[in-house]
Amino acid sequence: MSTHYFDHVATTPLREEALEAMLPYLKEDFGNPLSQYEAGARAKAAIEEAREKVASLIGVRPSGIIFTASGAESNNFAIRGAALARQDKGTHIVVSKVEHHSILNPARFLEKSGFVVSYLPVDEHGLVDPEVLRKSITDETVLVSIIHASPEVGTIEPIKELAAVAKERGVLFHTDAVASAGNIMVDVGELGVDLMSLSAHQFGGPKGAAALYVKEGMRIVPLIYGGIQESGRRAGTENVPAIVGMGRAAELAASEVADNAKRLTKMRDRLIEGILKVPNVHLTGHRTKRLPGHASFVVEFIEGEAMLLMLAAKGIYVASGSACSSKALKASPVLLSMGVSASLAQGSVVFTMGGESTDEDVDYAIEEFPKVITRLREISPYAGGWGGQEESG
Amino acid sequence: MYSEKVMDHFMNPRNVGEIENPDGVGEEGNPTCGDVMRISIKVEGDRIVDAKFKTFGCGAAIAVSSMITEMVKGKTLDEALSISKQNIADELGGLPAQKLHCSVLGSDALRMAIEDYRSRQKK
């Protein structure tokens with residue numbers, strides 16, 4: 001069976017070039033970057049080279065990049081580290097309702113530690129309104145964090161406008177760019193943000209390497225205390241091979257992102273058009289302000305996990321935000337906050353493409369998807385309509 | 001990941017549909033929470049001679065519906081009522097812990113179909 005991978009938002013395949021770059025550091029160049037002899041120096045140099053490449057991907061100086069182990073760590077680090085460093089100035093932070101769990105859960109941790117957190121609403125496309133942000137900022141506000149692009153609905157937030165609002169009030173601004181960095185042009189200077197999270201395996205790098213960009217001169221409380229790695233801001237022996245792989249993937253992404261985005265946007269639009277031909281299927285997220293390779297939908301009368309499994313049986317790998325496909329068995333907070341009803345949110349299906357995706361993948365998905373929907377609707381008691389049940393409960 | 005048996009009953013569900021002029025119908029669940037099962041039965045004497053289902057739900061919910069409608073055919077009403085959620089899960093070669101509630105939904109929908117049949121008999 002041929003496979004068609006449409007789950008780049010979960011993870012992307014490791015680029016061959018990144019693997020090649022990593023291999024020496026998994027073998028003969030195993031030195032600890034802190035060691036004061038040749039092998040250590042080589043490992044240290046490799047990390048610094050990777051830092052330059054990652055910095056260049058988002059248009060910052062290398063000294064602003066702190067390597068971490070995951071996007072979740074970068075997000076935790078940003079929220080906790082920036083808020084705790086400023087708690088003498090105020091104890092209010094602002095996030096949106098469509099943030100990743102690795103933003104929302106540290107925000108809840110801060111709430112338990114005495115901070116006040118505002119959760120900004122979004123419109124039906126998942127967009128945060130800069131005017132709503134403006135009204136939420138008080139004299140106590142020390143940090144705003146808004147996701148750059150939603151992995152679930154693909155919507156790209158107006159970060160430039162949002163960050164400008166925070167700046168006017170002298171409030172730090174973080175953006176979770178895990179889903180966007182490497183997939184669209186991301187320039188810290190243009191966006192005007194003070195902190196940014198990004199993750200290697202979202203753009204062809206390995207798992208286990210990620211980064212937090214921190215504006216020069218800004219104080220941040222470490223998440224991990226210990227040695228002097230990463231200028232004392234993130235202790236622990238560096239994952240040298242993964243960091244080197246991230247650097248190589250960042251270098252490739254930087255050179256390919258413009259062309260890739262153009263190509264993927266066309267493929268995405270064709271996929272959206274094809275999928276929407278199935279009756280009672282709705283696009284989620286914004287029609288145009290969305291990630292190039294991202295097409296997400298809610299399908300009426302059937303459930304997402306069943307769709308995911310049946311598509312997987314045809315070699316099509318997708319994601320779903322349905323309650324049944326989540327370990328917590330809860331409907332997607334992102335879809336609910338966009339005004340999607342709980343029953344409709346059960347029919348969530350998310351297609352995400354990347355660099356190796358082809359037009360043939362899109363053709364195959366457009367051909368096979370309607371068959372899966374028809375089959376599952378034959379099984380569903382709601383094939384003729386919700387009968388008023390979708391708003392209950 | 002599901003067992004082979006669950007995947008078989010999910011990919012090739014048995015007894016999908018609705019019985020015309022059923023003797024009893026049971027529906028359990030709510031689409032806002034994820035799963036809804038509707039089971040219709042045909043009864044002769046005190047035996048279930050046919051059972052069909054329509055289900056809105058995940059792979060486990062569909063497999064449970066398929067399995068329970070297979071299990072009850074030919075059984076007396078009392079025998080059918082004694083089928084537990086564990087029996088269904090066992091017949092399916094096990095269900096992941098967070099999906100066990102799907103088998104509860106199956107046995108509940110069946111129980112409601114039998115109760116519906118019995119209440120119709122009283123009329």
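- Within 6.0 Å of CE on Met1(A) lie more than 12 heavy atoms contributed by other residues, nucleotides or ligands.
- Counting heavy atoms of neighbouring residues, nucleotides and ligands inside a 6.0 Å radius, atom NE2 of His101(A) does not exceed 12 of them.
- Once rounded to the nearest 0.5 Å, the distance linking SG of Cys58(B) with CG of Leu309(A) reads 8.5 Å.
- Lys99(B) places a side-chain heavy atom less than 4.5 Å from the side chain of Glu305(A).
- Minimum heavy-atom separation, Ala306(A) to Gly57(B): CB-O, 3.4 Å.
- Annotation for Lys52(B): atom NZ counts as buried by contact number, over 12 foreign heavy atoms lying within 6.0 Å.
- Here the straight-line distance linking atom CD1 of Ile62(B) with atom CE of Met310(A) works out to 6.0 Å at 0.5 Å rounding.
- Contact between Glu303(A) and Phe56(B) at its shortest, heavy atoms only, is N-CE1, 4.1 Å.
- Of the atoms belonging to Ala61(B), not a single heavy atom falls under 4.5 Å from chain A.
- Counting heavy atoms of neighbouring residues, nucleotides and ligands inside a 6.0 Å radius, atom CD of Glu356(A) exceeds 12 of them.
- Heavy-atom contacts from other residues, nucleotides or ligands closer than 6.0 Å to CD of Glu4(B) number 12 or fewer.
- At least one side-chain heavy atom of Ile379(A) sits less than 4.5 Å from a side-chain heavy atom of Pro13(B).
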